Trainee: 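Below is one structure. I have some questions about it.
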2 protein chains.
Amino acid sequence: MPASKVNRFRRRLESLLPLSMADGDLLDRVLADPDLVPARADLVSRHDRKGGRLILVDGFAYQYRMLTSGRRQITAYLVPGDSYDLDAARENGSDHAVMALTSVRSVHLTTAEVAVLSLDHPSIAEGLRLVGRIEEATLREWLVNIGGRPALERIAHLFCELDRRLHAVGLVDQDRFEMPITQYDLADTAGLSSVHVNRTIQELRRQGLIALTGRSLTILDRPSLQALADFQPRYLRLRASA
Amino acid sequence: MPASKVNRFRRRLESLLPLSMADGDLLDRVLADPDLVPARADLVSRHDRKGGRLILVDGFAYQYRMLTSGRRQITAYLVPGDSYDLDAARENGSDHAVMALTSVRSVHLTTAEVAVLSLDHPSIAEGLRLVGRIEEATLREWLVNIGGRPALERIAHLFCELDRRLHAVGLVDQDRFEMPITQYDLADTAGLSSVHVNRTIQELRRQGLIALTGRSLTILDRPSLQALADFQPRYLRLRASA
DNA sequence: CGCACTCTTGAAAGTTGTCAACTCTCGTGG
DNA sequence: CCACGAGAGTTGACAACTTTCAAGAGTGCG
């Protein structure tokens, strides 16, 4: 943990609204000592005595739901700087779970801790509400994506979204970012089979839009990829989006 | 407008939390004089100088999004007693629209009016937050439905949800309710073609689960239909659900 | 080195979409 | 009162998309 380590959650909130120095310092303190959680661990039910509220400092996670058919549907990704269920307005019925995709560093908060944070710091409270609204808009966007677009566009849209979200927290370097999401995960995200995801990715490669090797995705032609996906990033409410 | 006409929005909120007599009376007053809007009219952009916030008194509407491909994706239905965007925490980026499915009676409110309502009446504010959380849970449920279930289960799930929601506001009579949603609408809801929706409905009929003639849907075998759809109504947070 | 996981590929089957036509219902106008 | 026309539902044949099954290749870690 280098001293220069940025606080991505603070960075995330500051990309949405201005925070006072005091607010920022507080966030730095809250995130000073995250838990280390291994890949494939259940992030929420594992800590649900604390209410399941968390901030992801490092690593990837996803929110999902198991169907009785055995199918898994991923309903959201959490990337560094994202939070889960911090909007105090929510009373989580826990009809879904959150799992670490990679090993993860995360801060787990109780409902009471979030409440105190919000009461004393209106800007932070406002930021958490904003984050909640963005999550909801993203959920709607995924519904439109899965319901309305064929496989190629669907996967392309997902990559466009990850690109912009990771870019916003400084995790995109030269159109290239680490994406530790397997094709099986992508399949359960997009409502496709993993075989078809594989073929779809190959088609994206063949069209010269992306390069994907191991865990590293490179956007080779962002304009074309975004055009193919009909990607309009407004829903992410980024300040300076490309 | 008979004197016995129930206020379905009040009924909806009271199904979620207790309201004082004063709160209830206020809601009756707010809803006393709804606008009449014809079918196929745009409910939100038409009134968007008022911020697009509304309460549906009578009739059906839907929230949707047009893709550049020309496809329409419906992302939510509004039934009598439902509201749209009343949760004051939201700042609607209006990346979607709301259209009347039938002729509709609706009350349109400004952001300021909602704010006053909420400030003076904490229970109502809490109710609006709850409604917002339920809408979000429903959105997630639709994502799981479309992403994870084949056509037959998908349509069945949609019917199960409509049944319970309409039941909650007193619009189900003897397992039968009016459902003015065309097969074209269902197609754009479920991410299917209208032809396939038609064949799927015929299969549901063949299995003896539903009867659907004109605008009237009868649930012939609710347990089997819910089992087929893997329908778990918890997300709707109904008091007394069957 | 070997196991576990992931990625890739081929062939066949299943699901869903497209196209086109026909029927039905219902409200309007003649 | 009946004809007409628009919107909605239905059907068949075919095409396209996507899944399933099965097997092999690549990769990284203990």
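Naming convention: chains lettered A, B, ... in sequence-line order (proteins, then strands); numbering from 1 in each chain. Just so it is clear, the model here is predicted, and its values are computed rather than measured.
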Trainee: Could you tell me how far apart B:E203 (CD) and C:dT15 (C1') are, to the nearest whole angstrom?
Mentor: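 One finds 13 Å between C1' of C:dT15 and CD of B:E203, rounded.
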Trainee: Between P on D:dT10 and CZ on B:R206, what's the gap in Å once rounded to a whole number?
Mentor: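 The distance from CZ of B:R206 to P of D:dT10 comes to 16 Å, rounded to the nearest Å.
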Trainee: Over all heavy atoms of both residues, which pair between B:L78 and B:L56 is shortest? Give the atoms and the distance, please.
Mentor: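 Smallest interatomic distance, heavy atoms only, reads O-CD2, 3.2 Å.
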Trainee: How are the rings of A:F231 and A:H157 set relative to one another: parallel (under 30°), tilted (30 to 60°) or perpendicular (over 60°)?
Mentor: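 A:F231 vs A:H157 ring planes: perpendicular.
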Trainee: Nearest whole Å is fine: how far is C:dT6 C1' from A:R40 CZ?
Mentor: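 Between C1' of C:dT6 and CZ of A:R40: 10 Å.
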Trainee: Give a yes/no on whether any side-chain N or O of A:N198 is located under 4.0 angstrom from OP1 or OP2 of C:dT8.
Mentor: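 Answer yes for this pair, as a side-chain N or O of A:N198 is under 4.0 Å from OP1 or OP2.
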Trainee: B:L192 has a side chain; which of C:dG10, C:dG17, C:dC7 sits nearest to it?
Mentor: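 My answer, after comparing the listed nucleotides, is C:dG17.
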Trainee: Taking atom types as they are modelled, would you say the side chain of A:R215 forms a donor-acceptor pair with the base of D:dG28 within the 3.5 Å cutoff?
Mentor: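 No.
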Trainee: Regarding B:Y77 and B:T189, do their side chains bring together a donor and an acceptor under 3.5 Å, going by distance alone?
Mentor: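 Per modelled atom types, B:Y77 and B:T189 side chains form a pair under 3.5 Å.
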Trainee: Find the distance A:I210:CD1 to C:dC7:P and express it as a whole number of Å.
Mentor: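 Roughly 12 Å, once rounded to whole Å.
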Trainee: In whole Å, I'd like the distance from the CE atom of A:M179 to the C1' atom of C:dT6.
Mentor: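 Going from CE in A:M179 over to C1' in C:dT6 covers 13 Å.
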Trainee: Expressed as a whole number of angstroms, how long is the span from B:H196:NE2 to D:dA8:P?
Mentor: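 B:H196 atom NE2 is separated from D:dA8 atom P by 21 Å.
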Trainee: Compare the minimum distances between each of C:dC19, D:dC21, C:dC7 and the side chain of A:Q183, then state the nucleotide with the smallest one.
Mentor: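 Looking only at side-chain atoms, A:Q183 lies closest to C:dC7.
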Trainee: Have a look at B:I201 and say if it touches a base, only the backbone sugar-phosphate, or nothing, with a 4.0 Å heavy-atom cut-off.
Mentor: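 B:I201: no heavy atom of the nucleic acid under 4.0 Å.
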Trainee: D:dG9 P sits how many Å from B:I155 CD1, rounded?
Mentor: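 In whole Å, D:dG9 P lies 12 Å from B:I155 CD1.
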Trainee: Using a 4.0 Å heavy-atom cut-off, does B:S193 contact any base of the nucleic acid, only the sugar-phosphate backbone, or nothing at all?
Mentor: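 Base, at least one base atom sits under 4.0 Å.
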Trainee: Counting any heavy atom closer than 4.0 Å, what does B:R205 reach on the DNA or RNA strands: base, sugar-phosphate only, or nothing?
Mentor: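 Sugar-phosphate contact only - B:R205 comes under 4.0 Å of backbone atoms but never of a base.
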Trainee: Side chain of B:R199, base of D:dG9: donor and acceptor closer than 3.5 Å?
Mentor: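 Absent.
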Trainee: Measure CG/A:L186 against P/C:dT6 and give the value in whole Å, please.
Mentor: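 Rounded to whole Å, this separation is 12 Å.
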Trainee: Taking atom types as modelled and ignoring hydrogens, do the side chains of B:Q202 and B:N198 form a donor-acceptor contact shorter than 3.5 angstrom?
Mentor: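 Yes - a donor-acceptor pair under 3.5 Å links their side chains.
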Trainee: For the residue pair A:S216 / A:R176, report whether a side-chain donor-acceptor contact shorter than 3.5 Å exists.
Mentor: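 Yes, A:S216 and A:R176 have a side-chain donor paired with an acceptor closer than 3.5 Å.
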